[in-house]
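Labels below follow one simple rule: chain letters A, B, ... track the order of the sequence lines, proteins then strands, and each chain is numbered from 1. Computed over heavy atoms, backbone and side chain alike; hydrogens, waters and symmetry mates excluded.
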Amino acid sequence: MKVRVRFAPSPTGPLHIGGVRTALYNYLFAKKYHGSFILRIDDTDSARFVSEAEKYIIETFKWLKITFDEGPHCNGNYGPYRQSERKAIYREYIDKLLSKNLAYIAFDTYEDLEHKRHNIPNFQYDASTRMNMINSLTLSKKETKKRISNNDQYVIRIKVTPGQTIVINDLIRNKININSSTLDDKVIYKSSNNLPTYHLASVIDDHLMKITHVIRGEEWLPSTPLHIIIYQYLGWEQTIPIFAHLPLLLNPNGKGKLNKRDSKQSEFPIFPLQWIDHKTKEHISGYREIGYLPEALINFLALLGWTPNNNQEIFSINELSTLFSLDKCSRNGIKFDYQKAKWFNHQYIQQKSDEDIAKLFLHHYANKLENQNFDRIAKIVRMVKNRVNFIKDFWIESDFFFIAPIRYEKHSVQKHWKIESSIQLTELCTLLTSISNFSSKILEKAIKTWIANKNYHTSKIMNACRLSLVGAAKGPNIFYIIEMLGKEETITRIKKAIKVLM
RNA sequence: GGUCCAUUCGUCUAUUGGUUAGGACACAAGAUUUUCAUUCUUGAAAGAGGGGUUCGAUUCCCCUAUGGACUACCA
């Protein structure tokens, strides 16, 4: 049997990083077994629908180079791939459930249900209460028809038989037994938008799309028994997919599921891409904008809840897909370790070629670097890349190559600018003027010889020199900096520093 | 409140009945670097608690505790 898995996000906003991880696991699983990976848009919630969300989802996976075999953007033989476009398909199965008396129509108002939930302990719409409610079981056929033709709002509820044991066979959690008496008669269809709810729609679609494995977040575990019942009611028990419920991503320092607010407080992104909220006009930046490399994000995410136990940490996407297996997934919730994500990105930046990184750097700081020579940028990247975690850090680490320091960092001045510095650096300028070949090796030799002849302190001279060129006690090898800056600029900067700091 | 899931260093995890409980991130110290980083070396750091089962339990079972999810005409 050919493996077919799906990622089925709801287009209600930007994709959560946990959702990206779920998609990744599905993708790796499909790749490993040479199966199909399907994108399905679960847009049965009209009230929370956000039109830009689908584009955002597709853009995210394009950036990550995670490709779908089927989906609304790339077609396939099992479409349409948006649930809102599948209304007619669902109708048939809803009628089937109704006619077989496995579901019923309910007219109870939201207020009435809320009231009962508040006032009756552990109130549940189920076998014990359904005969006291307003539904097609308690109303006459005539009355039910009348209400429907009157356009009264109604829902269709699944009729759960109590006292049954439902068995979930989960690839990650093994066998779970649930007593159906603890389940309620869930709403599976709502007349307000003529659409099924997630539970019904996803079961029908998973069946019709021949999904073999449902790999999703743990938050779905409690409703899985309901899904199994729907498969049974529809006569599909032989083709129930294999379930695998992934542990959730948790907030690193506080409590609960990873969410937007926690991410903001800890200053790490929770979305893969930037998201602009059209209502609040708020800009929330994502992993891409911070300067994450997609490969690094994928590697980090892959190891959040899964590990091939060989102590390896860095994996290419191909390695991941050959090694991946669901039974190696952990079962416990995972606190999101942003430090480790950072470390992964650092590793991947070191791995990439200077030219590739230079392109990203250029793209990230297009306005600042527009007139710069590309080869020079690549050389600078080579010099500073080992001190950088994110693409955005490149500017902080290399700005002095492009702009002369405007001020000199106070602490560095106190530490490295001595009384004799002005005189010594003036002499250094004279020396530099006499050197025609400004390569770092020649510079180093000449400067060191001069220092030795004069009996100066190397560190004092060079630190003061660095301060005047960089504006702070940071940066790569000083002779590289001098070479990169060139004769004229170097001398100008030293003279300026002498003027300002004397 | 009810149902379900989980519990090894601070964090992510390895070890699925016998180990000095291993690795990585973070942290600390040292080395390298004329600066700041990088890098290298070293260190500190763990099987929630209580009962069983067993010659032997981190590993299997039960209870308690703690954490998490779900409990919508949301997915």
Using the [atom1] atom as the point on both nucleotides, what is the distance between [M] and [N], in whole Å?
N	M	atom1	result
B:C25	B:G2	C1'	39 Å
B:A44	B:G10	P	15 Å
B:G67	B:C9	P	16 Å
B:G47	B:A37	C1'	37 Å
B:U58	B:A46	C1'	10 Å

Please work out if [X] contacts a base, only the sugar-phosphate, or nothing of the nucleic acid, heavy-atom cut-off 4.0 Å.
X	answer
A:Asn477	base
A:Arg466	base
A:Ile478	base
A:Phe479	base
A:Ile176	sugar-phosphate
A:Lys448	nothing
A:His245	nothing
A:Gly217	nothing
A:Ser330	sugar-phosphate
A:Pro476	base

Q) Phosphate oxygens OP1/OP2 of B:A14: is one of them under 4.0 Å from a side-chain N or O of A:Thr307? A) no

(Q) If I take atom NZ from residue A:Lys190 and atom CD from residue A:Gln153, how far apart are they, to the nearest 0.5 angstrom? (A) 11.5 Å

**Q.** Rounded distance (nearest 0.5 Å) linking atom CD1 of A:Ile158 with atom CG of A:Asp184
**A.**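 If I round to the nearest 0.5 Å, the distance is 11.0 Å.
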
[X] has an atom [atom1]; how far is it from atom [atom2] of [N], in whole Å?
X	N	atom1	atom2	value
A:Asp170	B:C4	CG	P	15 Å
A:Ile178	B:U3	CD1	P	11 Å
A:Lys342	B:C12	NZ	C1'	17 Å
A:Lys335	B:C12	NZ	C1'	11 Å
A:Asn179	B:U3	CG	P	10 Å
A:Asn310	B:C12	CG	P	20 Å
A:Leu467	B:U34	CG	C1'	14 Å
A:Ile17	B:C12	CD1	P	17 Å

(Q) Is it the case that atom NZ in A:Lys496 sees more than 12 heavy atoms from other parts of the structure closer than 6.0 Å? (A)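 Yes, NZ of A:Lys496 has more than 12 neighbouring heavy atoms, counting only those of other groups under 6.0 Å.
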
Q.
Taking atom NZ as the centre, does A:Lys87 end up with more than 12 heavy-atom neighbours from other residues, nucleotides or ligands that are less than 6.0 angstrom away?
A.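 Counting neighbours around NZ of A:Lys87, more than 12 heavy atoms of other residues, nucleotides or ligands fall under 6.0 Å, so yes.
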
Cation-aromatic face contact [X]/[Y], 6.0 Å, 45 degrees:
X	Y	result
A:Arg157	A:Tyr189	no
A:Arg91	A:Tyr93	no
A:Arg147	A:Phe107	yes

Q) Can you give one letter per nucleotide of nucleotides 69-75 of chain B, going 5' to 3': B for a protein heavy atom under 4.0 Å from the base, S for sugar-phosphate only, - for none? A) SS-SBBB

Partner nucleotide, any strand, of [N] [Watson-Crick/G-U, under 3.5 Å]:
N	value
B:A65	B:U7
B:C27	B:G43
B:U15	none
B:A72	none
B:U34	none

Just the atom pairs and distances: protein N or O near nucleotides 27-31 of chain B's N or O, under 3.5 Å.
none

Q: Check whether any side-chain heavy atom of A:Phe271 lies under 4.5 Å from a side-chain heavy atom of A:Ile17, and answer yes or no.
A: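 Result no, sub-4.5 Å side-chain heavy-atom pair not found.
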
If you restrict it to nitrogen or oxygen atoms, what contacts under 3.5 Å exist between nucleotides 7-9 of chain B and the protein, and what is each distance?
{"residue": "B:U8", "atom": "OP2", "partner": "A:Asn332", "partner atom": "ND2", "Å": "3.4"}

Q) Which pair of non-hydrogen atoms, one from A:Ala358 and one from A:Ala378, has the smallest distance, and what is that distance? A)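 The pair with the smallest heavy-atom distance is CB-CA, 3.9 Å.
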
Q: Provide the closest heavy-atom pair for A:Pro11 versus A:Glu54 in the form atom of the first, atom of the second, distance.
A: CB-N, 4.3 Å

Q. Residues in side-chain hydrogen bond (donor to acceptor under 3.5 Å, both in side chains) with A:Gln347, at least two apart?
A.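 None.
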
Q) In chain order, what residues pass the side-chain hydrogen bond (donor to acceptor under 3.5 Å, both in side chains) check against A:Tyr56, with sequence neighbours excluded? A)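 Scan of A:Tyr56 (side-chain hydrogen bond (donor to acceptor under 3.5 Å, both in side chains), adjacent residues dropped) gives none.
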
Aromatic centroids of [Y] and [X] separated by under 6.0 Å:
X	Y	value
A:Phe268	A:Phe336	yes
A:Phe324	A:Trp306	yes
A:Tyr456	A:Trp450	yes

Q. Between A:Tyr90 and A:Asp205, is any side-chain donor less than 3.5 angstrom from a side-chain acceptor?
A. yes

Q. Taking O4'-C1'-N9-C4 for purines and O4'-C1'-N1-C2 for pyrimidines, is B:G52 syn (within 90° of 0) or anti?
A.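 Nucleotide B:G52 adopts anti.
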
Would you tabulate the nitrogen or oxygen pairs shorter than 3.5 Å linking the protein to nucleotides 19-26 of chain B?
{"residue": "B:A24", "atom": "O4'", "partner": "A:Glu313", "partner atom": "OE2", "Å": "3.1"}
{"residue": "B:A24", "atom": "O2'", "partner": "A:Lys340", "partner atom": "NZ", "Å": "2.9"}
{"residue": "B:A24", "atom": "N3", "partner": "A:Lys340", "partner atom": "NZ", "Å": "3.3"}
{"residue": "B:C25", "atom": "OP1", "partner": "A:Trp343", "partner atom": "NE1", "Å": "3.4"}
{"residue": "B:C25", "atom": "O2'", "partner": "A:Lys340", "partner atom": "N", "Å": "3.4"}

Q) Do the charged groups of A:Arg130 and A:Asp185 touch, with an N to O distance under 4.0 Å? A) yes

(Q) Please compare A:Lys415 and A:Pro247 by the position of their nearest nucleotide in RNA chain B and report the one closer to 5'. (A) A:Pro247

